[in-house]
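For reference, positions follow the sequence shown, starting with 1. The basis for the numbers below is simple: all heavy atoms, side chains too, and nothing from hydrogens, waters or symmetry mates. All values reported here derive from a predicted model rather than from experimental measurement.
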Amino acid sequence: MRLLITGGIVIDTEPEPRTLPGADVLVEDGVIAAVGPGLGASAAPPADRTIDATGMLVLPGFVDTHRHLWQSALRSAAADATLGDYLALVLGRLAPAYRPEDVHAAGLWGALEALDAGVTTVFDWSHIQSTPEHTDAAIQALRDSGIRAVFGYAHPAPGVRREDEVRRAAALLGTSGQVTPALAAMGPVYGPPDEARADWRLARELGLRVSLHATGAGAAERLHDAGLLGPDTVFVHGNGFTDEAVKLVADSGAAASVTPAVEMQMGHGHPETGRFRRAGIPTGLGVDTVVDAPGDMFAVMRAAFAAERVRGGALTAAEVLRMATIEGAAVLGLEDRVGSLRPGKQADLVLLRTGTPRLAPVHDPVGAVVTAAGPGDVDTVLVAGRVVKRAGRLLHADLPAVLDRVSRSAARLAAAAGTGA
């Protein structure tokens with residue numbers, strides 16, 4: 001299957017974001033085959049399908065390096081929550097009420113929300129493993145959505161043997177498909193040191209990346225002292241890291257995921273995007289949770305852009321777009337597959353309409369994506385060359401049924417937890 005995207009304003013992100021005047025994008029069997037001018041005239045054999053992108057921006061799909069998809073059923077349920085409020089309500093009261101069918105409904109709805117906004121890859125940090133059936137439901141939701149995902153298995157409920165379940169999930173997913181496994185670690189911040197050592201040993205045996213929440217002093221230092229820091233480690237947040245911790249992370253080759261909207265909203269601390277990137281740490285962006293923040297990368301990019309400038313940093317629009325695409329892919333170990341338009345990569349693409357009051361006229365395409373665009377401008381989305389959104393409409397066959405399921409699930413969860421939502 002040969003697909004040609006022609007007539008658009010093409011933005012590539014590797015090695016740095018830049019506009020490619022007059023370029024077309026040729027996709028063969030789900031892979032980017034060529035990017036350049038006049039591909040329609042030179043393509044042999046001719047394309048089986050052509051998408052006319054006239055008046056659109058064409059760029060790689062966004063990479064969300066940290067999101068809890070199971071919380072999509074709880075949208076805006078805790079708009080005023082601090083981190084402590086969130087932990088008490090969402091993890092303390094609502095999570096125990098989730099059944100496997102709730103996990104599937106929320107995960108599927110959240111993944112479709114991401115695709116609708118041009119997010120083609122997401123790290124699903126899934127700490128809702130109450131039973132093996134909950135895990136299976138989360139994985140199936142990702143597969144049913146059509147998104148590219150890294151499934152981060154977190155801690156199970158008491159009585160579920162963690163190592164066995166991590167191995168089972170890793171074997172179920174494999175490492176070469178559209179949904180791949182990772183480990184979402186609780187230690188050493190939210191779990192004991194022995195658990196952290198066991199997690200890192202297991203992850204390295206299985207070849208998995210390890211992602212962990214960490215703020216304040218001590219997390220990076222403890223991992224370093226235990227000999228666990230390495231390029232397979234992703235620190236989520238990192239607010240308030242000491243200069244020593246930043247250096248340890250950088251020297252180890254580890255990466256960072258910053259979720260600026262949630263971090264400022266919940267009071268984690270000032271986002272550390274600038275400090276991390278100046279230290280040479282690969283840094284991606286993430287939504288985190290929609291319980292009190294937007295679920296699209298446009299809002300996240302603007303939060304990162306504004307926060308760093310308030311701090312006096314010099315983060316540019318191009319650097320922000322890079323974090324949302326190729327640098328985010330590097331954080332997840334997927335830079336050889338996604339994040340840019342390099343031929344040979346998977347055809348994960350987003351087309352944005354520019355003829356709208358929000359975007360037109362476009363003087364600087366990169367600046368427009370970061371400072372002006374929104375989910376309503378997303379016309380077309382492709383994942384591995386498969387069109388999952390076209391003409392502003394998601395193509396999932398059962399969208400009304402998915403909405404009905406997640407709405408009923410949300411109502412039941414609120415009643416079960418006594419939130420009155």
Side-chain angles (χ1 to χ4, degrees), residues 5 7-25 32 35 51 53-65 113-122 258-261 271 273 277 283-287 294-309 314-331 335 338-342 345 347-383 388-390 392:
I5 301 172
I9 302 170
V10 176
I11 302 172
D12 198 5
T13 55
E14 188 179 8
E16 300 294 336
R18 67 198 189 284
T19 303
L20 306 178
D24 300 330
V25 180
I32 298 171
V35 179
I51 293 179
T54 301
M56 298 186 195
L57 304 177
V58 181
L59 65 154
F62 300 120
V63 178
D64 181 345
T65 58
E113 173 194 10
L115 289 171
D116 190 54
V119 174
T120 52
T121 299
V122 63
V258 176
T259 65
T273 43
R277 296 189 85 251
T283 305
L285 299 175
V287 165
D296 64 271
M297 290 295 283
F298 300 105
V300 170
M301 286 191 290
R302 282 194 272 279
F305 191 44
E308 188 60 25
R309 288 185 164 243
L315 201 61
T316 66
E319 288 173 312
V320 172
L321 181 58
R322 193 176 195 283
M323 286 191 289
T325 52
I326 183 62
E327 197 164 337
V331 168
E335 68 272 28
V338 299
S340 75
L341 302 183
R342 177 158 50 91
K345 288 193 175 185
D348 292 7
L349 307 170
V350 176
L351 280 61
L352 305 177
R353 290 188 297 266
T354 63
T356 65
R358 179 169 37 236
L359 270 179
V362 175
H363 296 281
D364 172 8
V366 172
V369 173
V370 174
T371 66
D377 302 310
V378 177
D379 179 271
T380 301
V381 179
L382 291 81
V383 179
V388 297
K389 183 178 183 178
R390 185 72 179 114

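Taken from CE in Met56 to CD1 in Ile5, the straight-line distance is 10.0 Å, to the nearest 0.5 Å. Distance check: Met297 CE to Leu285 CG gives 4.5 Å after rounding to the nearest 0.5 Å. Separating the CD atom in Glu113 from the CG atom in Asp296 is a distance of 7.5 Å, to the nearest 0.5 Å. The structure places CG of Leu382 at 11.0 Å from CG of Leu115, a figure rounded to the nearest 0.5 Å.
Tested against Leu59, the residues Asp12, Leu349, Leu321 include a single side chain to side chain contact (heavy atoms under 4.5 Å, CB included) partner, Leu321. For the side chain to side chain contact (heavy atoms under 4.5 Å, CB included) test with Val300, the passing option among Val287, Val320, Val119 is Val287; the others fail.
Residues meeting the side chain to side chain donor-acceptor pair (under 3.5 Å) test with Asp379, sequence neighbours left out: Arg353, Arg390. In this view, Val35 and Val10, Leu20, Ala23, Val25, Ile32, Leu341 satisfy the side chain to side chain contact (heavy atoms under 4.5 Å, CB included) rule, not counting sequence neighbours. For Glu327, the salt bridge (charged side-chain N to carboxylate O under 4.0 Å, His left out) criterion is met by Arg277, Arg322, not counting sequence neighbours. Residues meeting the side chain to side chain donor-acceptor pair (under 3.5 Å) test with Glu14, sequence neighbours left out: Ser340, Arg342, Lys345. Not counting sequence neighbours, the partners of Ala372 by the side chain to side chain contact (heavy atoms under 4.5 Å, CB included) test are Leu359. Scanning for ring-ring contact (aromatic ring centres under 6.0 Å, His included) contacts around Phe298 gives Phe62, with sequence neighbours left out. For Thr283, the side chain to side chain donor-acceptor pair (under 3.5 Å) test picks out no residue, with sequence neighbours left out. Remark: Ala303 engages Pro260, Ala261, Met264 in a side chain to side chain contact (heavy atoms under 4.5 Å, CB included) (not counting sequence neighbours). In this structure Glu335 satisfies the salt bridge (charged side-chain N to carboxylate O under 4.0 Å, His left out) test with no other residue, sequence neighbours excluded.
Listed here is the closest heavy atom pair of Val350 and Gly61: CG2-CA, 3.5 Å. For the residue pair Gly7 and Asp24, the shortest heavy atom distance occurs at N-OD1, 3.5 Å. Listed here is the closest heavy atom pair of Ala53 and Val58: CB-CG2, 3.9 Å. Taking each heavy atom of Val362 and Ala368 in turn, the nearest pair found is CG1-CB, 4.2 Å. Considering all non-hydrogen atoms of both residues, Ala360 and Gly355 come closest at CB-CA, 4.4 Å. Scanning all heavy atoms of the two residues, the minimum distance from Thr13 to Pro60 falls at OG1-CG, 3.7 Å.
Two residues are said to be in side-chain contact when any heavy atoms from C-beta on lie closer than 4.5 Å; Thr121 and Asp64 fail this criterion. You'll find the side chain of Val369 reaches within 4.5 Å of the side chain of Met301, heavy atoms only. Counting only heavy atoms from C-beta outward, the side chains of Val258 and Met323 never approach each other to under 4.5 Å.
Residues in residues 354-376 take part in these salt bridge (Lys or Arg N to Asp or Glu O under 4.0 Å) pairs, two or more places apart or across chains: Arg358-Asp377.
Of the possible polar contacts, none joining the Arg18 side chain to the Ile11 backbone as a donor-acceptor pair under 3.5 Å is found.
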